Amino acid sequence: MVSESDTSAIGNALVVLGAAGIVIPAFARFRISPVIGFILVGLLVGPSGLGALAHDYPWLDHVTIGSTEDIALFAEFGIILLLFSIGLELSFRRLWQLRRLVFGVGATELTLGGAILGSALLFFGDMSPPAAYGLGIALALSSTALVMPIAGTKSAVGRASFSMLLFEDLAIVPIIFILGAFAPNPAGDNTQLLLTTLWQGVAVVAALAIGGWFLLPRIFAQAARAKDPELFLAASLLVVIIAALATAGVGLSPIVGALLAGLMIAETEYHGEVEAITAPFKGLALGVFLISVGMGLNLETIVKQWPMLIAAVVGVVAVKAIVTALLLRFSGARQGTAAEVGLLMASPSETTLIVLTAALQAQLISRSTAEFWQLVTAIGLTITPLLARVGHDVARRIEMAGAEREDEAIPTARTVIVGFGRVGRTVAELLREHDRAYVAVDADIDTVALARRDGFNVRFSDVARPGALDKQGLEHANAIVLTMDDPVQQLRMTRQLRKKYPDLPIVSRARDSDHAAALYEAGATDAVPETLESSLQLAEAVLIDLGVAMGPVIASIHDVRAKMRHDIMTKGHLEREPRINRLRTPPTGAQRATED
């Protein structure tokens, strides 16, 4: 027989799953972040929305959730899965490379932001210093659950955001213990308890890291031999749960254990498979957390106190954005990156709610004060996607303004790259690695802004407009590289450039041999068919896997390249062979003689 509590749990699960099935595709259709959709669903089906009418209309029990406690466990598990997925994208080496940002900028941002907010609360509010500064630290925390899916971990914005968020996650336990120490009647020796938790936490983390180093490759190897995706999923969830329980058992946050589990799996060769299998669960679990945030919004209280709520939200966002942006700027980040990260990290965090609960339990703040700042936190989480959009636009404007200032002094003797997609970025990376000056231009303003935040010398320019390239100082350039995926435009630009700059080396991306021949006729110095190398490498891999000897395979590839060169020479009326890679391995004497 199914009990009433079981029925309620099933109903809550159906509401959440139904919300995910509606919100994700609907908001994706209009290119809107589903974050807002989940929060609105939580507000609609929560206790201050339709849930408030469930007593008068019993059928609403089947489509509403009675309280945030009903899905609190699922929301916490969602955050754990999110931190696990973030760990999968990292490695211990990358984490070590970020140590300056984590313990430098991250520590300073949390301390300084908390001090400023605490001082403001002490001045404008009727609070004791421990309560004011404890609340200030709580509000200085930023949302890992929302910021990381927006920023990622690979861009300059993502690296800076993740570094500060990581320090905040590590600092939660000491913050809670310190708040307990300032309680009017603290229970026990909190200092001793904090020290015990810290050394036990270090021991557990070390044990998990060492155990994972030896055991995880063997566990996932067994799952791989079975060729059963369910075993991968079960093993992944088991690792996450064990790591989270281990860190929670010694008083640390379970999300520290989840992050560590992701880092350990990232060091194995199976991290790609694990990431693909757990991705759907991450999105669903994050949705549950966001629904719980929406359920925390009380419309009646918002209507009554909206002026104070707006002032509080604006004040917190402004202080955090300015502090974060200035610290990043002083640490050497670009202006656009600093501005975007500042706005992205400006809202309070889901962990702010945890710290508020700890301060309430320690009797440092009253229940009404806690409820007010919980509303501020929920509103801040709701507007995080909007702040991210504003930050992106502000960063783009800053980077474009910087590019315009740089145009006034164009250095000589450099390579000009036209187009900054995957091909142009690769060319720029290699030029930068070999200390060769370059400048890239692209007509997509978002591509330019992102590339500049990543440290590339890229400028906005629509090369389709007459005279646009002349502003790049081509008369002094070493070479120009055309990487656009537009054959007609490449041909037209090659003719114009060759006519105007007879001695300028022009290297162009080509689709195939016919396009390469046309580019040579138009005046290109070199034209590289993009399909050739990928096709030959695929064929080489297939033949070797089928058991064909390496010698005949290399000879066949050599013949294909020779035929391609001959076709391009014939079609392009060339007097010399085009520069197409002849062999990926050094040729033998006989092969070299055959080529010549």
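Values below: all heavy atoms of this structure, side chains included; hydrogens, waters and symmetry mates excluded. Since the structure is predicted, the reported quantities are computational estimates derived from the model, not experimental observations.
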Counterpart residues, salt bridge (charged side-chain N to carboxylate O under 4.0 Å, His left out), relative to Arg436 (two or more places apart): none

From CA spacing to verdict: side chain to side chain contact (heavy atoms under 4.5 Å, CB included), Val481, Val416: CA-CA 6 Å; Val481 184; Val416 178; over 6 Å; no

Heavy-atom closest pair, residues Ala477 and Leu504: O-CD1, 3.8 Å

Close side-chain approach of Val105 and Met164, heavy atoms under 4.5 Å: yes

Any residue meeting side chain to side chain contact (heavy atoms under 4.5 Å, CB included) with Ala131, in chain and number order, not counting sequence neighbours: Met127, Ser128, Leu364, Ile365

With Val390 via side chain to side chain contact (heavy atoms under 4.5 Å, CB included) - residues at least two apart: Leu343, Leu386, Val394

Side chain to side chain contact (heavy atoms under 4.5 Å, CB included) partners of Arg100, counting only residues at least two apart: Ser331

For the student: nearest non-hydrogen atoms of Ile150 and Ala388, plus distance: CG2-CB, 3.9 Å

Minimum heavy-atom distance between Ala395 and Gly336, given as atom pair plus value: CB-O, 3.2 Å

Minimum heavy-atom distance Ala160-Leu101, with the two atoms named: CA-CD1, 4.3 Å

Main-chain N/O of Val157 paired with Ser161 side-chain donor or acceptor, under 3.5 Å: yes

Distance (rounded to the nearest 0.5 Å) between Arg329 CZ and Gln335 CD: 4.5 Å

Verdict with reasoning, Leu165 to Val147, per side chain to side chain contact (heavy atoms under 4.5 Å, CB included): CA-CA 9 Å; Leu165 289 168; Val147 171; 3.7 Å; yes

Evaluation steps, side chain to side chain contact (heavy atoms under 4.5 Å, CB included), between Val507 and Val427: CA-CA 11 Å; Val507 182; Val427 174; over 6 Å; no

For Asp442 against Gly421, the heavy-atom pair lying closest together: OD2-N, 4.3 Å

OG1 on Thr384 to CD1 on Ile379, rounded to 0.5 Å: 12.0 Å

Sequence-distant partners of Ser508, side chain to side chain contact (heavy atoms under 4.5 Å, CB included), two or more places apart: Leu482, Gln490, Leu519

Nearest-0.5 Å distance that lies between atom CG in Leu387 and atom CZ in Arg389: 12.5 Å

Side-chain donor/acceptor of Arg367 to backbone N/O of Glu371, under 3.5 Å: no

Return a table of donor-acceptor pairs under 3.5 angstrom between the side chains of residues 302-310 and protein atoms on other chains or two or more places apart.
{"from": "Lys304", "atom 1": "NZ", "to": "Glu300", "atom 2": "OE2", "distance (Å)": "3.3"}

Pairs touching residues 309-318 that satisfy side chain to side chain donor-acceptor pair (under 3.5 Å), sequence neighbours left out: none

Backbone of Thr352 reached by a side-chain donor or acceptor of Thr377 within 3.5 Å: no

For the student: nearest non-hydrogen atoms of Thr382 and Pro385, plus distance: O-CD, 3.4 Å

Euclidean distance, Thr369 OG1 relative to Leu135 CG, rounded to 0.5 Å: 8.0 Å

Within-4.5 Å side-chain heavy-atom neighbours: Ile480 and Thr415: no

Indicate every side-chain donor-acceptor pair of residues 317-328 with a distance under 3.5 Å to a residue at least two apart or in another chain.
{"from": "Lys320", "atom 1": "NZ", "to": "Leu139", "atom 2": "O", "distance (Å)": "3.2"}
{"from": "Lys320", "atom 1": "NZ", "to": "Ala140", "atom 2": "O", "distance (Å)": "3.4"}
{"from": "Lys320", "atom 1": "NZ", "to": "Leu141", "atom 2": "O", "distance (Å)": "2.7"}
{"from": "Lys320", "atom 1": "NZ", "to": "Ser142", "atom 2": "OG", "distance (Å)": "3.1"}
{"from": "Lys320", "atom 1": "NZ", "to": "Met345", "atom 2": "O", "distance (Å)": "3.3"}
{"from": "Lys320", "atom 1": "NZ", "to": "Ser347", "atom 2": "O", "distance (Å)": "2.6"}
{"from": "Thr324", "atom 1": "OG1", "to": "Lys320", "atom 2": "O", "distance (Å)": "2.8"}

Rounded distance [0.5 Å steps], CH2 in Trp373 versus CG in Leu356: 9.5 Å

Trace of the side chain to side chain contact (heavy atoms under 4.5 Å, CB included) decision for Val458 with Val441: CA-CA 6 Å; Val458 186; Val441 295; over 6 Å; no

Which residues share a ring-ring contact (aromatic ring centres under 6.0 Å, His included) with Phe456, sequence neighbours left out: Phe420

Residues that Thr108 engages under side-chain hydrogen bond (donor to acceptor under 3.5 Å, both in side chains), provided they are two or more places apart: none

Pairwise distance CG(Leu260) to CG(Leu208) - rounded to 0.5 angstrom: 5.5 Å

When the side chains of residues 111-122 are checked against the rest of the protein, which donor-acceptor pairs come out under 3.5 Å, sequence neighbours left out?
{"from": "Thr111", "atom 1": "OG1", "to": "Ala107", "atom 2": "O", "distance (Å)": "2.8"}
{"from": "Ser119", "atom 1": "OG", "to": "Ala115", "atom 2": "O", "distance (Å)": "2.8"}
{"from": "Ser119", "atom 1": "OG", "to": "Tyr133", "atom 2": "OH", "distance (Å)": "3.1"}

Pair listing, side chain to side chain donor-acceptor pair (under 3.5 Å) test, anchored in residues 419-430, at least two apart: none

